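Following: one structure in structure tokens, then a few remarks.
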Amino acid sequence: RPHILSGMQPTSDSLHLGNYLGAQVNWVTLQQNYTPYFCVVDLHALTVNPDPTQLRERTYATAAQYLAGGIDPERSAVFVQSHVREHAELAWVLNCITGFGEAGRMTQFKDKAGKRGQENTSVGLFTYPVLMAADILLYDAQAVPVGEDQRQHLELTRNLAQRFNSRFGESFVLPEPYIPEGTAKVMSLQDPTKKMSKSDEDPKASISMLDEPKVNLKKIKSAVTDLDNNVAFDPENKPGIANLLRIHSALSGESIDVLVERFAGENKYGALKGEVADVVTSVQGPFRERYLTYMDDRAELDRVLAQGAERAREVASATLARAYDAVGLVPAA
Ligand code: TYM
């Protein structure tokens, strides 16, 4: 079976609906027909200088949310990135074939560095996408299920793999992004021209998978739309409504056309929002309950993560050995 790999950063307490729909739902689907590796990318989280206690807690919380969302730890290797030291080691090798300018063109880096200012921007933030390339290439992943915001990082990963292969001989599989269109970019509820994001300061902008359902209900009811009050799917001119329709469709399985027809006519925004709130909370409420159960049993979480890391190391150590040999590093006697 072909391999897939993906990961999320433990940089917030809760996944948001964008993480869930943009990535996790596809992980769950793909785990049926692939050999999946899902890691909590704690080394990536270090790039934003998290508080150590919080990082530890959020690493567990993120793993518990993988399980709560339907990742089956028997089918999928669920692990913590830093438990498999090959990630950091391959990243170093890849750093040495990455151009300075090439890394500097990553738009996520430019955004984050722009916000933080040069003094607060670490070298780690700069080489972040190279570590991500290492994550992917270590597992010979053919597909990488992520949201639209990761597309450029995947292109870099492919470029690095190609460069390495042509310089040192076939060593890495070229990964394809897996980014289904409808949910590739879930938008903010308060500014539907911006993506839903962990770093948004406005708590009303995103749906937290771990909030009480009644909190999310309120947020959806106060989602920003437009003044036209006619439900239609028009992402360009009616981004708020398009976002709600996409969320509904992804969670309920009903097509957007069917939904548009159902809410046709004047003054149906309230009714649409009511239904979106229902479908969101009917998924998110049970997700939250399952999360709480997993978090209650740390010993079981530790067991799952240890088993996942062991499976991950099997593949990662072979790939790293191949890469070390290809570039001319002498094996330890
Ligand atoms: P992260 O932790 O920011 O986000 C996790 C996943 O959620 C997706 N996502 C979204 N999808 C749709 N709409 C949104 N509004 C939205 N916001 C976030 C992201 O695209 C991602 O799939 N660099 C990665 C983590 C990473 C990784 C990897 C991913 C590290 N190594 C290797 C894949 C493979 C990140 O920051 O994701």
Side-chain angles (χ1 to χ4, degrees), residues 3-28 30 36-48 50 58-59 61-63 65-66 69 71 79-82 84 87-88 90-91 94 106-109 111-112 124-125 127-158 160-161 175-200 205-209 239 243 246-247 250 312 316:
H3 293 186
I4 58 169
L5 173 126
S6 200
M8 299 198 195
Q9 295 196 72
T11 44
S12 62
D13 294 327
S14 172
L15 301 194
H16 58 64
L17 189 66
N19 302 134
Y20 179 75
L21 287 178
Q24 203 183 17
V25 165
N26 299 320
W27 299 9
V28 173
L30 293 175
Y37 296 87
F38 297 124
C39 60
V40 178
V41 293
D42 56 346
L43 297 174
H44 277 109
L46 290 180
T47 59
V48 293
R58 287 174 169 178
T59 297
T62 304
Q65 288 175 85
Y66 286 5
I71 300 302
F79 65 101
V80 175
Q81 186 186 33
S82 64
V84 184
H87 290 249
L90 182 61
L94 296 176
M106 295 293 110
T107 55
Q108 286 215 335
F109 169 72
D111 285 354
K112 284 189 192 164
L125 197 63
T127 65
Y128 175 112
V130 182
L131 177 59
M132 178 164 163
D135 299 340
I136 296 166
L137 299 179
L138 273 179
Y139 297 93
D140 295 330
Q142 295 193 3
V144 182
V146 285
E148 182 61 41
D149 60 352
Q150 300 300 314
R151 191 183 289 280
Q152 196 189 26
H153 290 161
L154 282 205
E155 272 161 30
L156 176 72
T157 303
R158 287 175 60 87
L160 294 179
E176 297 284 344
Y178 183 89
I179 310 177
E181 204 202 327
T183 49
K185 197 169 179 189
V186 177
M187 306 309 256
S188 153
L189 297 182
Q190 288 301 309
D191 177 356
T193 61
K194 280 193 339 202
K195 72 170 180 186
M196 189 177 284
S197 156
K198 289 176 207 173
S199 52
D200 205 312
S206 49
I207 299 287
S208 287
M209 294 302 289
N243 194 35
R246 281 184 169 136
I247 290 171

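Remember, it's 1-based here, ligands and their atoms both numbered in the order they're listed. Worth saying up front: this structure is predicted, and the values here are computed from it rather than measured.
Classification of the H44-Y128 ring pair by plane angle, with boundaries at 30° and 60°, yields tilted.
For a heavy-atom separation below 4.0 Å, the residues in contact with ligand 1 are L5, S6, G7, M8, Q9, H16, G18, N19, G22, A23, V41, H44, Y128, M132, D135, I136, V144, V146, G147, D149, Q150, T183, A184, K185, V186, K195, M196, K198.
Side chain to side chain, D42 and T59 fail the donor-acceptor criterion of an N or O pair below 3.5 Å. No side-chain N or O of Q142 forms a donor-acceptor pair with one of Y178 less than 3.5 Å apart. At a cut-off of 3.5 Å, with distance as the only test, no side-chain donor of H3 or D140 sits close to an acceptor on the other residue. Between Q81 and D135, the side chains place a donor N or O and an acceptor N or O closer than 3.5 Å (distance only, hydrogens not considered).
Listed by first and then second residue, the salt bridge (charged side-chain N to carboxylate O under 4.0 Å, His left out) pairs involving residues 175-191 are R158-E176 (not counting sequence neighbours).
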